[in-house]
Undergrad: 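Attaching a single structure in structure tokens format; questions to follow.
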Amino acid sequence: VNQDIKKPTIQLLPPNEINCLQKIVQVDGSNSSSGKQYNYNWTTIDGNIIGSNTSQKIDVDKPGYYSLIILDNSNFCTKTDSILVTKSADVPIASIDKVDTLNCKVKTINIDGSKSTQGAAFNLQWSATNGGKIIGNSNNNLISTDAPGTYILIVTNISNNCKDTGSITVAQNIQKPLANATVNDTLSCKKTNLNLNGSNSVAKSIKYNWFTNNGNFTSATNIVSPSVNKAALYQLEIEDLANFCKDTTSINVLEDIAK
């Protein structure tokens, strides 16, 4: 009985460093076992492979660990090895935190680029497009805005002019809800209480607030259909809890006490 448990060999050549002039580098495993009997499979968790990952060489554009698995189809033995691709410290990184959505309550937000590369050797420059407006110094890592749009951050290494660019879109939701108030009856000697109705109001998530100057409520005022027992003008204010926008309407409650 013959036994063939010989594993493939892997030899990974040291890759170049990613830098401003060389943004794509090659990871080379061509000195490993080669021939028609071998399959090659590259993987990465924190990097990025450009194009095919099943040849002896791959192109990458992000720093990280890259692993090569070679399978010998003649005996199904495998071998794995990894190598680290690094990025030059001279290459800046533009990083922007996630932002809130502008709405009827949140009228101004901060846009934070403080995780970007900083220091005396680096320059930060913000710009805005698609209706955006920068509040504050556009060279700071933190800016503010009260307008939707696209915000772009360019970080430049002053010594070698290497740059990195990041962008983020600020959205705005100020769609107004629609308040609707009805009453289907009249106060009388027989009917001393009536229910107001705000159920036909339109919003994604409604908060109700009824109020009056001269009338009188006989129930809670933060419900869809409160009770009243006095003729007067009643107002309904609704707030859409999805964007904190409000709308107000009014309804007259009449009284028929003719004897």
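Because the structure is a prediction, the values reported are computed rather than measured. FYI, the numbering just counts along the sequence from 1.
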Undergrad: Taking only residues two or more places apart in sequence, or in another chain, which ones meet N209 in a side chain to side chain donor-acceptor pair (under 3.5 Å)?
TA: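 In terms of side chain to side chain donor-acceptor pair (under 3.5 Å), with neighbours along the sequence ignored, N209 is linked to no residue.
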Undergrad: Do I206 and E239 touch side chain to side chain, with heavy atoms closer than 4.5 Å?
TA: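 Not in contact.
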Undergrad: Is the side chain of S219 donor-acceptor paired with the backbone N or O of S227 at a distance under 3.5 Å, no angle test?
TA: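 Yes, S219 side chain to S227 backbone: donor-acceptor pair under 3.5 Å.
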Undergrad: Is the distance between the ring centroids of F217 and Y234 less than 6.0 Å?
TA: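 Yes, the ring of F217 comes within the 6.0 Å limit of the ring of Y234, centre to centre.
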Undergrad: Can you check whether D90's main-chain N or O pairs, donor with acceptor, with N19's side chain at less than 3.5 Å?
TA: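 No; zero donor-acceptor contacts below 3.5 Å.
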Undergrad: Any idea which heavy atoms bring V155 and L124 closest together, and the distance?
TA: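 Nearest heavy atoms, V155 then L124: CG2-CG, 4.1 Å.
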Undergrad: May I ask you to test the K163-I154 pair for a side-chain heavy-atom distance under 4.5 Å?
TA: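 Heavy-atom side-chain distance check passes, below 4.5 Å.
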Undergrad: Side chains of P15 and I83: does their closest heavy-atom pair fall under 4.5 Å?
TA: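 Yes, side chains in contact.
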Undergrad: Taking all non-hydrogen atoms of both residues into account, name the closest pair between L187 and N229 and its distance.
TA: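 Looks like CD1-C, 3.7 Å.
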Undergrad: Is a side-chain donor or acceptor of N53 paired with a backbone partner of W42 at a separation under 3.5 angstrom?
TA: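 Yes; at least one donor-acceptor contact below 3.5 Å.
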Undergrad: Hey, does the side chain of T249 reach the backbone of A181 with a donor-acceptor pair shorter than 3.5 angstrom?
TA: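 Not at all, since once roles are kept as given, no pair shorter than 3.5 Å links the two residues.
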Undergrad: Taking C245's backbone N and O only, do any of them form a donor-acceptor pair with K176's side chain (distance below 3.5 Å, no angle check)?
TA: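 Not at all, since once roles are kept as given, no pair shorter than 3.5 Å links the two residues.
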Undergrad: Is there a donor-acceptor contact under 3.5 Å from the side chain of S201 to the main chain of N180?
TA: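 Here the side-chain-to-backbone pair exists.
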Undergrad: In Å, rounded to the nearest 0.5 Å, how long is the span from OG1 of T9 to CG of N31?
TA: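 With rounding to 0.5 Å, OG1 (T9) is 9.0 Å from CG (N31).
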Undergrad: Please answer whether the main-chain N or O of L142 pairs with a side-chain N or O of N140 as donor and acceptor at a distance below 3.5 Å.
TA: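 Such a contact is absent between N140 side chain and L142 backbone.
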Undergrad: How long is the span from the CD1 atom in I251 to the CH2 atom in W210, to the nearest 0.5 Å?
TA: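 It comes to 8.0 Å.
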Undergrad: Rounded to the nearest 0.5 Å, how far does NZ of K7 lie from CG of D72?
TA: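 If we round to the nearest 0.5 Å, D72:CG and K7:NZ are 12.0 Å apart.
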Undergrad: Report the hydrophobic cluster partners of I50, with the cluster defined as I, L, V, M, F, W, Y residues connected by side-chain heavy atoms closer than 4.5 angstrom, directly or transitively.
TA: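 I50 shares its hydrophobic cluster with I24.
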Undergrad: Taking all non-hydrogen atoms of both residues, which atom of K6 and which atom of C77 are closest, and how far apart?
TA: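 K6 and C77 have their closest heavy atoms at O-CB, 3.7 Å.
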Undergrad: If we count only N and O atoms by modelled type, under 3.5 Å, do the side chains of Y151 and S167 hold a donor and an acceptor together?
TA: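 No donor-acceptor contact under 3.5 Å links the two side chains.
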Undergrad: Atom OG1 of T221 and atom OH of Y208: how far apart are they, to the nearest 0.5 Å?
TA: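 Going from the OG1 atom of T221 to the OH atom of Y208 covers 13.5 Å.
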Undergrad: Considering all heavy atoms of both residues, which atom of T78 and which atom of P8 are nearest to each other, and what is their separation?
TA: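 Closest pair (atom of T78, atom of P8, distance): C-CD, 3.9 Å.
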